[in-house]
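All residue numbers in this chain count up from 1 along the given sequence.
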Amino acid sequence: MLGYFPITLLRALMKKVSNLQEQLIQVLKRIRENKNISQRQVAIKMGKQSPVVSRLESQEDSSKGSPTMRTFLDYCDALDVELVAKDKS
């Protein structure tokens with residue numbers, strides 16, 4: 001069972017995750033643009049509507065919550081890129 005965490009610690013963690021998410025979106029958008037792939041083309045490959053990709057890239061509509069990891073992986077697949085985690089040490 002998880003213990004209790006101070007609210008300030010949780011807020012700091014949420015902010016860090018949000019910042020990482022923003023950076024990931026910026027990198028993926030840059031890759032898409034460099035490959036000359038439209039948002040519509042990405043959406044089709046993801047099986048989504050174009051506004052989904054537009055909202056993701058512009059980071060709009062936070063009322064619907066943060067994008068899921070599945071959404072990021074589908075976006076990466078649509079661009080034919082791999083999302084990799086690397087040990088810093």
Side-chain angles (χ1 to χ4, degrees):
M1 183 172 161
L2 291 175
Y4 293 98
F5 293 96
I7 193 72
T8 53
L9 178 61
L10 290 174
R11 284 186 180 138
L13 180 60
M14 288 173 59
K15 180 67 175 167
K16 184 160 182 92
V17 168
S18 178
N19 289 342
L20 289 171
Q21 179 177 297
E22 288 173 16
Q23 291 173 4
L24 177 58
I25 290 168
Q26 290 172 4
V27 168
L28 292 173
K29 181 179 178 183
R30 194 172 321 120
I31 291 169
R32 178 185 63 75
E33 292 171 341
N34 288 341
K35 289 185 168 203
N36 293 316
I37 300 172
S38 70
Q39 289 180 340
R40 185 173 189 280
Q41 289 170 307
V42 171
I44 290 169
K45 289 182 178 183
M46 291 175 67
K48 306 281 186 189
Q49 299 292 320
S50 294
V52 170
V53 176
S54 176
R55 281 193 304 269
L56 175 69
E57 288 186 354
S58 65
Q59 301 167 37
E60 289 177 4
D61 204 2
S62 60
S63 66
K64 293 190 178 190
S66 296
T68 65
M69 181 57 77
R70 178 79 262 153
T71 299
F72 283 113
L73 293 173
D74 288 347
Y75 190 111
C76 289
D77 284 344
L79 296 178
D80 196 29
V81 297
E82 186 176 22
L83 184 59
V84 178
K86 184 177 173 184
D87 188 355
K88 289 183 178 181
S89 57

Under 4.5 Å between side-chain heavy atoms, hopping through other hydrophobics if needed: is there a path connecting [X] to [Y]?
{"X": "Leu73", "Y": "Val52", "result": "no"}
{"X": "Leu13", "Y": "Met69", "result": "no"}
{"X": "Val17", "Y": "Leu9", "result": "no"}

### Query
By side chain to side chain donor-acceptor pair (under 3.5 Å), which residues pair with Thr71, not counting sequence neighbours?
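Applying side chain to side chain donor-acceptor pair (under 3.5 Å) to Thr71 gives Thr68.
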
### Query
Can you list every side-chain hydrogen bond (donor to acceptor under 3.5 Å, both in side chains) pair that touches residues 24-47, not counting sequence neighbours?
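Those involving residues 24-47 are Arg32-Glu57, Ser38-Gln41, Gln39-Glu57.
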
### Task
May I have all residue pairs that pass side-chain hydrogen bond (donor to acceptor under 3.5 Å, both in side chains) and include part of residues 76-86, sequence neighbours excluded?
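Listed by first then second residue: nothing to list.
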
From [atom1] ([X]) to [atom2] ([Y]), nearest 0.5 Å:
{"X": "Leu24", "Y": "Phe72", "atom1": "CG", "atom2": "CZ", "value": "5.0 Å"}
{"X": "Leu56", "Y": "Leu28", "atom1": "CG", "atom2": "CG", "value": "8.0 Å"}
{"X": "Ser50", "Y": "Ile44", "atom1": "OG", "atom2": "CD1", "value": "6.5 Å"}

### salt bridge (Lys or Arg N to Asp or Glu O under 4.0 Å) partners of residues 66-75, not counting sequence neighbours, each pair once
Arg70-Asp74

### Query
Taking Ser58 for the side chain and Ser54 for the main chain, is one N or O donor matched with an acceptor at less than 3.5 Å?
yes

### Task
Give the minimum heavy-atom separation between Cys76 and Leu83, together with the two atoms involved.
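Between these two residues, the closest heavy atoms are SG-CB, 4.0 Å.
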
